[in-house]
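Everything numeric in this text was worked out from a predicted model, so none of it was measured.
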Amino acid sequence: MLDPMLQRTLGRLGVPDASQPFLPLAFRLYASFGLLVLHLALPAEGRVAGPGEDLYLATLGLLLVEAIWEAGRGIRSRDQIFPTPTLPWIWWNLVLDLALVTLVIAYQGVVQERFSTLYIFPVLASAFYLGTTEIVWVGVVSSISHILLVLGFTLGLIPPFGLSGEGLDLEGGRLPFLLGITSLQIFATTLVVVLIRRALERLRTDLSASEATVDELSALHRRVVDSMSSGLITLDPDGRITSANPAAIAILGRSVPLGAPIQDLLPLGHPLPAQHRFELTLPTGARNLQILGGHLTSLRGSGGQETGQLLLFQDLTELKALEERTRISERLAAIGQLAAGLAHELRNPLASISGCVQLLNHQAASEEVRTRVLGILERETHRVGAIVSDFLDLARPEAAPGVVLSLARVLDEARASWEMDPRTEGLTLNLREPPQALLYADPVGLHRVLMNLLSNARKAVKGLPSPQVSLSATVSEGQIQLAVEDNGCGMSPGQLDLMFVPFSGSFEEGSGLGMSLVYKFTEAMGWRIEVQSRPGAGTRVQIFLPGYPQEELLAPPDDQA
(Lines give C-alpha, C1' and ligand atoms only; values in the text may rest on other atoms or scores of the structure.)
Protein backbone atom coordinates (compact mmCIF):
# COMPACT_ATOMS: atom_id res chain seq x y z
CA MET A 1 0.00 0.00 0.00
CA LEU A 2 1.13 3.57 -0.63
CA ASP A 3 2.33 5.82 2.13
CA PRO A 4 -0.46 8.14 3.36
CA MET A 5 1.68 11.20 2.65
CA LEU A 6 2.19 10.04 -0.94
CA GLN A 7 -1.52 9.42 -1.31
CA ARG A 8 -2.29 12.99 -0.18
CA THR A 9 0.35 14.35 -2.56
CA LEU A 10 -1.06 12.39 -5.48
CA GLY A 11 -4.54 13.61 -4.55
CA ARG A 12 -3.36 17.22 -4.76
CA LEU A 13 -1.88 16.46 -8.19
CA GLY A 14 -5.29 15.21 -9.39
CA VAL A 15 -4.56 11.48 -9.37
CA PRO A 16 -7.83 9.92 -8.11
CA ASP A 17 -6.94 6.28 -7.39
CA ALA A 18 -3.67 5.46 -5.67
CA SER A 19 -5.03 2.97 -3.13
CA GLN A 20 -4.41 -0.24 -5.15
CA PRO A 21 -1.05 0.09 -6.94
CA PHE A 22 0.49 -2.41 -9.34
CA LEU A 23 2.95 -4.02 -6.90
CA PRO A 24 5.89 -4.94 -9.22
CA LEU A 25 6.08 -1.40 -10.59
CA ALA A 26 5.64 0.24 -7.19
CA PHE A 27 8.33 -1.99 -5.67
CA ARG A 28 10.78 -1.21 -8.44
CA LEU A 29 10.14 2.54 -8.27
CA TYR A 30 10.50 2.79 -4.49
CA ALA A 31 13.40 0.30 -4.22
CA SER A 32 15.52 1.85 -6.97
CA PHE A 33 14.87 5.39 -5.71
CA GLY A 34 15.59 4.44 -2.09
CA LEU A 35 18.76 2.54 -2.93
CA LEU A 36 20.10 5.45 -5.03
CA VAL A 37 19.37 8.04 -2.36
CA LEU A 38 20.74 5.82 0.42
CA HIS A 39 23.92 5.06 -1.51
CA LEU A 40 24.58 8.68 -2.45
CA ALA A 41 23.64 10.09 0.97
CA LEU A 42 25.99 7.87 2.97
CA PRO A 43 29.58 9.04 3.48
CA ALA A 44 32.27 7.22 1.53
CA GLU A 45 33.46 5.23 4.52
CA GLY A 46 29.94 4.08 5.43
CA ARG A 47 28.60 2.88 2.06
CA VAL A 48 29.37 -0.23 0.07
CA ALA A 49 32.16 0.45 -2.38
CA GLY A 50 33.74 -1.94 -4.78
CA PRO A 51 34.23 -2.88 -8.41
CA GLY A 52 31.37 -1.91 -10.69
CA GLU A 53 29.97 0.82 -8.44
CA ASP A 54 29.27 3.11 -11.37
CA LEU A 55 27.52 0.26 -13.24
CA TYR A 56 25.45 -0.44 -10.13
CA LEU A 57 24.37 3.18 -9.80
CA ALA A 58 23.73 3.52 -13.52
CA THR A 59 21.57 0.39 -13.58
CA LEU A 60 19.59 1.63 -10.57
CA GLY A 61 19.12 4.93 -12.36
CA LEU A 62 17.89 3.22 -15.53
CA LEU A 63 15.44 1.07 -13.56
CA LEU A 64 14.22 4.21 -11.74
CA VAL A 65 13.78 6.11 -15.02
CA GLU A 66 11.92 3.18 -16.56
CA ALA A 67 9.63 2.92 -13.50
CA ILE A 68 8.92 6.67 -13.60
CA TRP A 69 8.18 6.49 -17.34
CA GLU A 70 5.81 3.59 -16.87
CA ALA A 71 4.04 5.33 -13.95
CA GLY A 72 3.65 8.47 -16.06
CA ARG A 73 2.27 6.36 -18.89
CA GLY A 74 -0.33 4.96 -16.49
CA ILE A 75 -1.31 8.45 -15.35
CA ARG A 76 -1.76 9.61 -18.95
CA SER A 77 -3.70 6.55 -20.12
CA ARG A 78 -5.78 5.60 -17.07
CA ASP A 79 -5.44 8.56 -14.73
CA GLN A 80 -3.72 6.26 -12.19
CA ILE A 81 -0.10 6.25 -11.07
CA PHE A 82 0.25 2.45 -10.82
CA PRO A 83 -2.49 0.86 -12.96
CA THR A 84 -2.46 -2.89 -13.54
CA PRO A 85 -1.19 -3.43 -17.12
CA THR A 86 -1.84 -6.21 -19.59
CA LEU A 87 -0.29 -9.69 -19.15
CA PRO A 88 2.85 -9.03 -21.31
CA TRP A 89 3.62 -5.91 -19.28
CA ILE A 90 3.07 -7.87 -16.06
CA TRP A 91 5.76 -10.35 -17.17
CA TRP A 92 8.02 -7.47 -18.20
CA ASN A 93 7.72 -5.86 -14.76
CA LEU A 94 8.37 -9.17 -12.99
CA VAL A 95 11.52 -9.66 -15.09
CA LEU A 96 12.72 -6.15 -14.22
CA ASP A 97 12.01 -6.78 -10.53
CA LEU A 98 13.96 -10.02 -10.73
CA ALA A 99 16.83 -8.10 -12.38
CA LEU A 100 16.73 -5.46 -9.64
CA VAL A 101 16.86 -8.10 -6.90
CA THR A 102 19.74 -9.89 -8.66
CA LEU A 103 21.61 -6.57 -9.05
CA VAL A 104 21.22 -5.68 -5.38
CA ILE A 105 22.28 -9.16 -4.15
CA ALA A 106 25.29 -9.19 -6.50
CA TYR A 107 26.50 -5.77 -5.36
CA GLN A 108 25.81 -6.26 -1.65
CA GLY A 109 27.46 -9.69 -1.66
CA VAL A 110 26.02 -13.07 -2.58
CA VAL A 111 27.21 -14.43 0.74
CA GLN A 112 24.79 -12.12 2.57
CA GLU A 113 21.88 -14.45 3.37
CA ARG A 114 19.57 -11.62 4.40
CA PHE A 115 19.66 -10.16 0.87
CA SER A 116 18.86 -13.49 -0.81
CA THR A 117 15.36 -13.39 0.74
CA LEU A 118 14.58 -10.52 -1.67
CA TYR A 119 13.90 -13.19 -4.33
CA ILE A 120 10.64 -14.04 -2.64
CA PHE A 121 9.14 -10.63 -3.49
CA PRO A 122 8.58 -11.32 -7.22
CA VAL A 123 6.92 -14.58 -6.18
CA LEU A 124 4.63 -12.76 -3.75
CA ALA A 125 3.79 -10.06 -6.28
CA SER A 126 2.92 -12.62 -8.96
CA ALA A 127 0.13 -14.06 -6.76
CA PHE A 128 -2.13 -11.09 -7.57
CA TYR A 129 -1.75 -11.20 -11.35
CA LEU A 130 -0.79 -14.73 -12.53
CA GLY A 131 -2.20 -18.23 -12.37
CA THR A 132 -0.79 -21.02 -10.23
CA THR A 133 1.39 -22.47 -13.01
CA GLU A 134 2.92 -19.08 -13.82
CA ILE A 135 3.58 -18.46 -10.11
CA VAL A 136 5.53 -21.74 -9.91
CA TRP A 137 7.59 -20.67 -12.93
CA VAL A 138 8.40 -17.35 -11.25
CA GLY A 139 9.60 -19.28 -8.18
CA VAL A 140 11.70 -21.65 -10.32
CA VAL A 141 13.27 -18.77 -12.27
CA SER A 142 14.02 -16.88 -9.05
CA SER A 143 15.75 -19.93 -7.53
CA ILE A 144 17.75 -20.61 -10.71
CA SER A 145 18.77 -16.94 -10.88
CA HIS A 146 20.18 -17.09 -7.37
CA ILE A 147 21.98 -20.40 -8.00
CA LEU A 148 23.56 -19.11 -11.24
CA LEU A 149 24.52 -15.84 -9.55
CA VAL A 150 26.28 -17.57 -6.64
CA LEU A 151 27.99 -20.19 -8.85
CA GLY A 152 29.03 -17.53 -11.33
CA PHE A 153 30.91 -15.56 -8.70
CA THR A 154 32.21 -18.70 -6.96
CA LEU A 155 33.63 -20.23 -10.16
CA GLY A 156 34.92 -16.89 -11.44
CA LEU A 157 32.58 -16.83 -14.42
CA ILE A 158 31.39 -13.37 -13.38
CA PRO A 159 33.98 -10.64 -12.68
CA PRO A 160 34.09 -9.11 -9.19
CA PHE A 161 31.15 -6.76 -8.55
CA GLY A 162 30.73 -4.80 -5.33
CA LEU A 163 31.23 -7.17 -2.41
CA SER A 164 30.96 -10.30 -4.60
CA GLY A 165 33.80 -11.98 -6.40
CA GLU A 166 37.14 -11.68 -4.72
CA GLY A 167 37.61 -13.25 -1.33
CA LEU A 168 34.43 -15.36 -1.32
CA ASP A 169 34.46 -17.67 1.68
CA LEU A 170 32.29 -20.59 0.48
CA GLU A 171 34.45 -23.50 1.55
CA GLY A 172 33.12 -26.72 3.06
CA GLY A 173 29.33 -26.81 3.42
CA ARG A 174 28.93 -23.05 3.14
CA LEU A 175 27.98 -23.08 -0.55
CA PRO A 176 25.34 -25.87 -0.38
CA PHE A 177 23.86 -24.28 2.72
CA LEU A 178 23.57 -20.86 1.06
CA LEU A 179 21.99 -22.29 -2.09
CA GLY A 180 19.74 -24.66 -0.19
CA ILE A 181 18.39 -22.20 2.34
CA THR A 182 17.61 -19.63 -0.36
CA SER A 183 15.90 -22.16 -2.62
CA LEU A 184 13.97 -23.49 0.36
CA GLN A 185 12.75 -19.98 1.18
CA ILE A 186 11.76 -19.34 -2.43
CA PHE A 187 9.90 -22.65 -2.91
CA ALA A 188 8.21 -22.42 0.50
CA THR A 189 7.04 -18.95 -0.43
CA THR A 190 5.91 -20.26 -3.83
CA LEU A 191 3.89 -23.04 -2.16
CA VAL A 192 2.22 -20.61 0.22
CA VAL A 193 1.49 -18.19 -2.64
CA VAL A 194 0.01 -20.99 -4.75
CA LEU A 195 -2.25 -22.02 -1.88
CA ILE A 196 -3.27 -18.41 -1.31
CA ARG A 197 -3.89 -17.98 -5.03
CA ARG A 198 -6.13 -21.02 -5.18
CA ALA A 199 -8.00 -19.81 -2.12
CA LEU A 200 -8.39 -16.43 -3.79
CA GLU A 201 -9.70 -18.07 -6.95
CA ARG A 202 -12.22 -20.09 -4.97
CA LEU A 203 -13.16 -16.98 -3.06
CA ARG A 204 -13.52 -15.03 -6.30
CA THR A 205 -15.70 -17.80 -7.76
CA ASP A 206 -17.87 -17.93 -4.67
CA LEU A 207 -18.04 -14.16 -4.57
CA SER A 208 -19.05 -14.01 -8.23
CA ALA A 209 -21.74 -16.62 -7.61
CA SER A 210 -22.92 -14.72 -4.54
CA GLU A 211 -22.97 -11.46 -6.46
CA ALA A 212 -24.95 -13.11 -9.24
CA THR A 213 -27.42 -14.49 -6.70
CA VAL A 214 -27.71 -11.12 -4.99
CA ASP A 215 -28.22 -9.43 -8.35
CA GLU A 216 -30.94 -11.94 -9.25
CA LEU A 217 -32.67 -11.49 -5.89
CA SER A 218 -32.37 -7.72 -6.17
CA ALA A 219 -33.80 -7.79 -9.69
CA LEU A 220 -36.60 -10.11 -8.56
CA HIS A 221 -37.34 -7.87 -5.59
CA ARG A 222 -37.45 -4.83 -7.86
CA ARG A 223 -39.72 -6.59 -10.35
CA VAL A 224 -42.05 -7.73 -7.58
CA VAL A 225 -42.23 -4.27 -6.01
CA ASP A 226 -42.67 -2.56 -9.39
CA SER A 227 -45.35 -5.07 -10.45
CA MET A 228 -47.47 -4.63 -7.33
CA SER A 229 -50.88 -3.09 -7.86
CA SER A 230 -50.81 -1.79 -4.27
CA GLY A 231 -48.88 1.30 -3.31
CA LEU A 232 -45.71 0.63 -1.31
CA ILE A 233 -43.81 3.37 0.52
CA THR A 234 -40.93 2.86 2.94
CA LEU A 235 -40.13 5.34 5.70
CA ASP A 236 -37.11 5.97 7.87
CA PRO A 237 -37.41 6.10 11.69
CA ASP A 238 -38.29 9.81 11.46
CA GLY A 239 -41.25 9.13 9.15
CA ARG A 240 -39.54 10.46 6.01
CA ILE A 241 -40.02 8.75 2.67
CA THR A 242 -37.11 6.59 1.49
CA SER A 243 -38.69 4.80 -1.50
CA ALA A 244 -41.97 4.41 -3.38
CA ASN A 245 -43.05 1.96 -6.07
CA PRO A 246 -44.76 3.05 -9.33
CA ALA A 247 -48.18 1.96 -8.03
CA ALA A 248 -47.91 4.42 -5.13
CA ILE A 249 -47.25 7.28 -7.56
CA ALA A 250 -50.12 6.16 -9.81
CA ILE A 251 -52.60 5.82 -6.91
CA LEU A 252 -51.71 9.18 -5.38
CA GLY A 253 -51.66 10.84 -8.80
CA ARG A 254 -48.55 12.85 -7.97
CA SER A 255 -44.84 12.42 -7.50
CA VAL A 256 -43.56 11.08 -4.19
CA PRO A 257 -40.60 13.22 -3.07
CA LEU A 258 -37.91 11.25 -1.28
CA GLY A 259 -36.96 12.65 2.09
CA ALA A 260 -40.31 14.39 2.62
CA PRO A 261 -42.46 13.56 5.68
CA ILE A 262 -45.26 11.13 4.92
CA GLN A 263 -47.72 13.61 6.47
CA ASP A 264 -47.18 15.82 3.41
CA LEU A 265 -48.89 13.10 1.33
CA LEU A 266 -51.26 11.31 3.74
CA PRO A 267 -52.76 12.58 7.02
CA LEU A 268 -51.62 9.68 9.18
CA GLY A 269 -51.03 11.69 12.32
CA HIS A 270 -47.87 12.60 14.18
CA PRO A 271 -46.11 10.69 15.58
CA LEU A 272 -46.82 7.68 13.41
CA PRO A 273 -48.19 4.61 15.21
CA ALA A 274 -46.10 1.43 15.05
CA GLN A 275 -49.03 -0.72 13.83
CA HIS A 276 -52.03 0.91 12.25
CA ARG A 277 -54.82 0.08 9.82
CA PHE A 278 -56.32 3.12 8.22
CA GLU A 279 -58.94 4.29 5.75
CA LEU A 280 -58.62 7.85 4.47
CA THR A 281 -60.88 10.01 2.32
CA LEU A 282 -58.90 12.50 0.23
CA PRO A 283 -60.27 15.27 -1.99
CA THR A 284 -59.21 14.85 -5.62
CA GLY A 285 -61.23 17.59 -7.28
CA ALA A 286 -64.09 20.00 -6.86
CA ARG A 287 -66.61 17.30 -5.91
CA ASN A 288 -64.68 14.02 -6.17
CA LEU A 289 -63.27 12.04 -3.27
CA GLN A 290 -60.63 9.30 -3.22
CA ILE A 291 -60.78 6.58 -0.56
CA LEU A 292 -57.49 4.94 0.43
CA GLY A 293 -57.17 1.97 2.74
CA GLY A 294 -54.00 0.34 3.95
CA HIS A 295 -51.71 -0.80 6.72
CA LEU A 296 -48.73 0.80 8.42
CA THR A 297 -46.25 -1.58 10.04
CA SER A 298 -42.70 -1.59 11.39
CA LEU A 299 -39.80 -2.30 9.03
CA ARG A 300 -37.09 -4.34 10.74
CA GLY A 301 -33.51 -5.13 9.85
CA SER A 302 -31.70 -8.47 9.89
CA GLY A 303 -31.06 -8.16 13.63
CA GLY A 304 -34.69 -7.50 14.45
CA GLN A 305 -34.19 -3.82 15.23
CA GLU A 306 -36.68 -1.31 13.84
CA THR A 307 -35.18 0.55 10.89
CA GLY A 308 -38.27 2.39 9.70
CA GLN A 309 -41.84 1.73 8.66
CA LEU A 310 -43.62 0.16 5.70
CA LEU A 311 -46.78 1.67 4.25
CA LEU A 312 -48.95 -0.53 2.02
CA PHE A 313 -52.17 0.95 0.63
CA GLN A 314 -54.80 0.55 -2.11
CA ASP A 315 -57.29 2.79 -3.87
CA LEU A 316 -60.67 1.70 -2.49
CA THR A 317 -62.77 4.30 -4.31
CA GLU A 318 -64.18 1.96 -6.95
CA LEU A 319 -64.48 -0.89 -4.45
CA LYS A 320 -66.45 1.28 -2.01
CA ALA A 321 -68.72 2.46 -4.83
CA LEU A 322 -69.26 -1.15 -5.88
CA GLU A 323 -70.01 -2.14 -2.29
CA GLU A 324 -72.56 0.65 -2.01
CA ARG A 325 -74.24 -0.36 -5.26
CA THR A 326 -74.25 -4.00 -4.11
CA ARG A 327 -75.71 -2.97 -0.75
CA ILE A 328 -78.48 -1.01 -2.46
CA SER A 329 -79.16 -3.94 -4.80
CA GLU A 330 -79.34 -6.33 -1.86
CA ARG A 331 -81.74 -4.02 -0.04
CA LEU A 332 -83.96 -3.71 -3.10
CA ALA A 333 -83.86 -7.50 -3.58
CA ALA A 334 -84.75 -8.05 0.07
CA ILE A 335 -87.60 -5.56 -0.17
CA GLY A 336 -88.87 -7.27 -3.33
CA GLN A 337 -88.62 -10.71 -1.74
CA LEU A 338 -90.34 -9.49 1.41
CA ALA A 339 -93.11 -7.81 -0.59
CA ALA A 340 -93.64 -10.95 -2.67
CA GLY A 341 -93.87 -13.09 0.47
CA LEU A 342 -96.26 -10.65 2.11
CA ALA A 343 -98.45 -10.59 -1.00
CA HIS A 344 -98.43 -14.39 -1.10
CA GLU A 345 -99.42 -14.68 2.56
CA LEU A 346 -102.20 -12.10 2.20
CA ARG A 347 -103.58 -13.54 -1.02
CA ASN A 348 -105.09 -16.66 0.60
CA PRO A 349 -107.05 -14.93 3.40
CA LEU A 350 -108.15 -12.17 1.05
CA ALA A 351 -109.39 -14.78 -1.41
CA SER A 352 -111.37 -16.42 1.41
CA ILE A 353 -112.79 -13.05 2.49
CA SER A 354 -113.76 -12.25 -1.11
CA GLY A 355 -115.56 -15.61 -1.46
CA CYS A 356 -117.41 -15.08 1.78
CA VAL A 357 -118.55 -11.65 0.67
CA GLN A 358 -119.94 -13.12 -2.55
CA LEU A 359 -121.88 -15.77 -0.59
CA LEU A 360 -123.34 -13.11 1.70
CA ASN A 361 -124.55 -11.17 -1.34
CA HIS A 362 -126.82 -14.07 -2.21
CA GLN A 363 -130.05 -13.36 -0.40
CA ALA A 364 -131.09 -16.97 -0.75
CA ALA A 365 -128.32 -18.13 1.60
CA SER A 366 -129.59 -19.90 4.69
CA GLU A 367 -128.91 -18.75 8.23
CA GLU A 368 -126.54 -21.69 8.77
CA VAL A 369 -124.50 -20.72 5.75
CA ARG A 370 -124.41 -17.07 6.84
CA THR A 371 -123.21 -18.07 10.32
CA ARG A 372 -120.48 -20.27 8.88
CA VAL A 373 -119.41 -17.56 6.44
CA LEU A 374 -119.23 -14.98 9.21
CA GLY A 375 -116.96 -17.33 11.19
CA ILE A 376 -114.65 -17.71 8.21
CA LEU A 377 -114.57 -13.94 7.77
CA GLU A 378 -113.59 -13.44 11.41
CA ARG A 379 -110.88 -16.12 11.27
CA GLU A 380 -109.32 -14.79 8.06
CA THR A 381 -109.54 -11.22 9.31
CA HIS A 382 -107.60 -12.23 12.43
CA ARG A 383 -105.09 -14.00 10.19
CA VAL A 384 -104.56 -10.88 8.09
CA GLY A 385 -104.21 -8.84 11.27
CA ALA A 386 -101.60 -11.25 12.64
CA ILE A 387 -99.61 -11.08 9.41
CA VAL A 388 -99.69 -7.28 9.37
CA SER A 389 -98.80 -7.10 13.09
CA ASP A 390 -95.82 -9.45 12.69
CA PHE A 391 -94.69 -7.56 9.61
CA LEU A 392 -94.79 -4.26 11.49
CA ASP A 393 -92.82 -5.81 14.36
CA LEU A 394 -90.23 -7.07 11.88
CA ALA A 395 -89.97 -3.62 10.29
CA ARG A 396 -89.62 -1.88 13.66
CA PRO A 397 -86.15 -0.22 13.62
CA GLU A 398 -85.18 -0.76 17.25
CA ALA A 399 -85.94 -3.16 20.06
CA ALA A 400 -87.95 -1.95 23.05
CA PRO A 401 -85.95 -1.00 26.15
CA GLY A 402 -85.21 -3.88 28.50
CA VAL A 403 -85.71 -4.45 32.21
CA VAL A 404 -84.27 -6.88 34.75
CA LEU A 405 -86.24 -10.13 34.66
CA SER A 406 -86.29 -13.32 36.72
CA LEU A 407 -85.40 -16.33 34.60
CA ALA A 408 -87.80 -18.56 36.54
CA ARG A 409 -90.66 -16.13 36.02
CA VAL A 410 -89.98 -15.82 32.28
CA LEU A 411 -90.14 -19.61 31.86
CA ASP A 412 -93.20 -19.91 34.10
CA GLU A 413 -95.06 -17.35 31.96
CA ALA A 414 -94.10 -19.26 28.82
CA ARG A 415 -95.49 -22.48 30.34
CA ALA A 416 -98.71 -20.73 31.33
CA SER A 417 -99.22 -19.41 27.81
CA TRP A 418 -98.54 -22.89 26.43
CA GLU A 419 -101.11 -24.50 28.69
CA MET A 420 -103.74 -21.83 27.92
CA ASP A 421 -103.40 -22.30 24.15
CA PRO A 422 -106.18 -24.61 22.89
CA ARG A 423 -103.90 -25.80 20.09
CA THR A 424 -101.62 -27.52 22.64
CA GLU A 425 -104.40 -29.58 24.19
CA GLY A 426 -103.08 -33.03 25.05
CA LEU A 427 -99.41 -32.01 24.46
CA THR A 428 -97.33 -31.59 27.61
CA LEU A 429 -94.47 -29.09 27.78
CA ASN A 430 -91.45 -30.59 29.54
CA LEU A 431 -90.02 -27.76 31.64
CA ARG A 432 -87.08 -28.46 33.89
CA GLU A 433 -86.72 -26.59 37.14
CA PRO A 434 -84.98 -23.35 36.12
CA PRO A 435 -81.97 -22.03 38.05
CA GLN A 436 -82.19 -18.84 40.06
CA ALA A 437 -80.81 -16.19 37.74
CA LEU A 438 -81.58 -12.72 36.42
CA LEU A 439 -81.43 -11.39 32.89
CA TYR A 440 -81.90 -8.08 31.12
CA ALA A 441 -84.38 -8.03 28.21
CA ASP A 442 -87.62 -6.67 26.82
CA PRO A 443 -90.24 -8.92 28.50
CA VAL A 444 -92.73 -8.74 25.62
CA GLY A 445 -90.09 -9.47 23.00
CA LEU A 446 -88.56 -12.33 24.98
CA HIS A 447 -91.97 -13.88 25.61
CA ARG A 448 -92.79 -13.67 21.89
CA VAL A 449 -89.44 -15.33 21.02
CA LEU A 450 -90.12 -18.28 23.34
CA MET A 451 -93.70 -18.66 22.14
CA ASN A 452 -92.61 -18.58 18.49
CA LEU A 453 -90.04 -21.32 19.17
CA LEU A 454 -92.57 -23.38 21.12
CA SER A 455 -95.18 -22.87 18.39
CA ASN A 456 -92.76 -24.18 15.75
CA ALA A 457 -91.96 -27.17 18.00
CA ARG A 458 -95.71 -27.86 18.38
CA LYS A 459 -96.18 -27.78 14.61
CA ALA A 460 -93.13 -30.05 14.07
CA VAL A 461 -94.48 -32.85 16.32
CA LYS A 462 -98.03 -32.73 14.96
CA GLY A 463 -99.23 -36.19 14.02
CA LEU A 464 -96.47 -38.08 15.86
CA PRO A 465 -97.53 -40.98 18.12
CA SER A 466 -95.24 -39.83 20.97
CA PRO A 467 -94.65 -36.08 20.58
CA GLN A 468 -92.19 -34.38 22.92
CA VAL A 469 -91.52 -30.65 23.38
CA SER A 470 -89.18 -29.37 26.08
CA LEU A 471 -88.04 -25.98 27.39
CA SER A 472 -84.92 -25.72 29.55
CA ALA A 473 -82.45 -23.20 30.91
CA THR A 474 -78.92 -23.55 32.30
CA VAL A 475 -76.44 -21.08 33.72
CA SER A 476 -72.68 -21.41 33.30
CA GLU A 477 -70.02 -18.78 34.11
CA GLY A 478 -72.52 -15.94 34.05
CA GLN A 479 -74.09 -16.99 30.74
CA ILE A 480 -77.67 -18.23 30.37
CA GLN A 481 -78.56 -20.86 27.79
CA LEU A 482 -82.23 -21.21 26.79
CA ALA A 483 -83.13 -24.31 24.77
CA VAL A 484 -86.32 -25.40 22.99
CA GLU A 485 -86.21 -28.98 21.71
CA ASP A 486 -88.61 -31.32 19.94
CA ASN A 487 -88.58 -34.78 18.33
CA GLY A 488 -90.55 -33.68 15.29
CA CYS A 489 -90.00 -33.67 11.52
CA GLY A 490 -86.76 -31.72 11.61
CA MET A 491 -85.30 -29.63 8.79
CA SER A 492 -83.11 -30.30 5.76
CA PRO A 493 -79.89 -28.31 5.17
CA GLY A 494 -81.68 -26.19 2.60
CA GLN A 495 -84.44 -25.34 5.07
CA LEU A 496 -81.84 -24.47 7.71
CA ASP A 497 -80.19 -21.98 5.33
CA LEU A 498 -83.55 -20.21 4.75
CA MET A 499 -84.89 -20.54 8.29
CA PHE A 500 -84.57 -16.84 9.20
CA VAL A 501 -85.72 -15.52 5.80
CA PRO A 502 -89.25 -14.00 5.96
CA PHE A 503 -92.10 -16.14 4.57
CA SER A 504 -89.82 -19.14 4.03
CA GLY A 505 -91.51 -21.38 6.61
CA SER A 506 -92.83 -24.80 5.57
CA PHE A 507 -95.78 -24.95 8.01
CA GLU A 508 -99.27 -24.17 6.75
CA GLU A 509 -100.20 -22.46 10.02
CA GLY A 510 -98.71 -19.08 10.90
CA SER A 511 -97.57 -15.90 9.18
CA GLY A 512 -94.14 -17.15 8.07
CA LEU A 513 -92.40 -14.37 10.05
CA GLY A 514 -91.89 -16.13 13.40
CA MET A 515 -88.22 -17.14 13.03
CA SER A 516 -87.42 -13.82 11.35
CA LEU A 517 -88.74 -12.05 14.43
CA VAL A 518 -86.74 -14.38 16.68
CA TYR A 519 -83.52 -13.63 14.80
CA LYS A 520 -84.18 -9.87 14.72
CA PHE A 521 -84.80 -9.76 18.48
CA THR A 522 -81.71 -11.80 19.41
CA GLU A 523 -79.53 -9.70 17.12
CA ALA A 524 -80.91 -6.47 18.59
CA MET A 525 -80.16 -7.71 22.13
CA GLY A 526 -76.66 -8.87 21.14
CA TRP A 527 -77.44 -12.52 21.88
CA ARG A 528 -76.38 -15.61 19.95
CA ILE A 529 -78.72 -18.23 18.50
CA GLU A 530 -77.80 -21.74 17.29
CA VAL A 531 -80.03 -24.28 15.55
CA GLN A 532 -79.38 -28.01 15.23
CA SER A 533 -81.76 -30.12 13.16
CA ARG A 534 -81.95 -33.20 10.94
CA PRO A 535 -84.88 -34.53 8.93
CA GLY A 536 -86.87 -36.95 11.10
CA ALA A 537 -84.60 -36.39 14.14
CA GLY A 538 -86.14 -33.24 15.60
CA THR A 539 -84.81 -29.72 16.18
CA ARG A 540 -82.92 -28.02 19.00
CA VAL A 541 -82.77 -24.21 19.18
CA GLN A 542 -80.41 -22.60 21.71
CA ILE A 543 -80.18 -18.94 22.68
CA PHE A 544 -77.10 -17.72 24.58
CA LEU A 545 -77.48 -14.51 26.57
CA PRO A 546 -75.57 -12.88 29.45
CA GLY A 547 -76.91 -13.13 32.97
CA TYR A 548 -77.55 -10.05 35.07
CA PRO A 549 -75.24 -9.83 38.12
CA GLN A 550 -77.06 -10.18 41.42
CA GLU A 551 -74.74 -7.66 43.12
CA GLU A 552 -75.80 -4.91 40.73
CA LEU A 553 -79.44 -5.47 41.65
CA LEU A 554 -78.63 -5.38 45.37
CA ALA A 555 -76.30 -2.36 45.17
CA PRO A 556 -77.63 0.73 47.05
CA PRO A 557 -78.56 3.71 44.88
CA ASP A 558 -76.13 6.60 44.55
CA ASP A 559 -76.59 9.50 46.95
CA GLN A 560 -78.58 12.32 45.45
CA ALA A 561 -76.91 15.68 45.31
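The two residues Arg254 and Ile249 have their closest heavy-atom pair at O-CG2, 3.3 Å. Closest heavy-atom contact between Ala26 and Pro21: CB-CB, 4.3 Å. Considering all non-hydrogen atoms of both residues, Asn93 and Pro24 come closest at CB-CB, 3.9 Å. Taking every heavy atom of both residues into account, Leu235 and Thr242 meet most closely at N-OG1, 3.8 Å. Of all non-hydrogen atoms in Leu179 and Ile147, the two that sit nearest each other are CD2-CA, 3.9 Å.
The pair Asp226-Arg222 counts as a salt bridge, with a side-chain nitrogen and a carboxylate oxygen less than 4.0 angstrom apart.
Of the possible polar contacts, none joining the Asp315 side chain to the Ile251 backbone as a donor-acceptor pair under 3.5 Å is found. A donor-acceptor contact shorter than 3.5 Å links the side chain of Thr522 to the backbone of Tyr519.
Looking at heavy atoms from C-beta onward, Ile241 lies in side-chain contact with Leu265 at the 4.5 angstrom threshold.
With sequence neighbours excluded, the residues that form a side chain to side chain donor-acceptor pair (under 3.5 Å) with Ser116 are Thr182.
Between Phe22 and Tyr129, the distance separating the two ring centers is shorter than 6.0 angstrom.
If you take CZ on Phe121 and OG on Ser142, they are separated by 11.5 Å, rounding to the nearest 0.5 Å. The CZ atom of Arg28 sits 9.0 Å away from the CG atom of Leu94 when rounded to the nearest 0.5 Å. Between the OG atom in Ser143 and the CD1 atom in Ile120 there is a gap of 13.0 Å [rounded to 0.5 Å].
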Step by step, would you call Thr317 with Gln290 a side-chain hydrogen bond (donor to acceptor under 3.5 Å, both in side chains)?
CA-CA 6 Å; Thr317 307; Gln290 183 184 32; 5.1 Å; no
Notebook entry, point to check: Should Leu157 and Leu151 be marked as a side-chain contact (heavy atoms from CB on, under 4.5 Å) after you check the CA-CA gap, both sets of side-chain angles, and the distance that decides it?
Noted result: CA-CA 8 Å; Leu157 301 177; Leu151 292 178; over 6 Å; no
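Taking the six-membered ring where tryptophan is involved, the planes of Trp69 and Trp89 are tilted, since the angle between them lies from 30° to 60°.
For Phe544, the CZ atom is densely surrounded, since the number of other residues' heavy atoms within 6.0 Å is greater than 12. Atom CH2 of Trp92 sits in a sparse spot, with 12 or fewer heavy atoms from other residues, nucleotides or ligands closer than 6.0 Å.
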What pairs of donor and acceptor atoms, side-chain ones from residues 202-212 against any protein atom, are under 3.5 angstrom apart with sequence neighbours left out?
unit_1 : atom_1 : unit_2 : atom_2 : d
Thr205 : OG1    : Glu201 : O      : 2.9
Ser208 : OG     : Arg204 : O      : 2.8
Ser210 : OG     : Asp206 : O      : 2.9

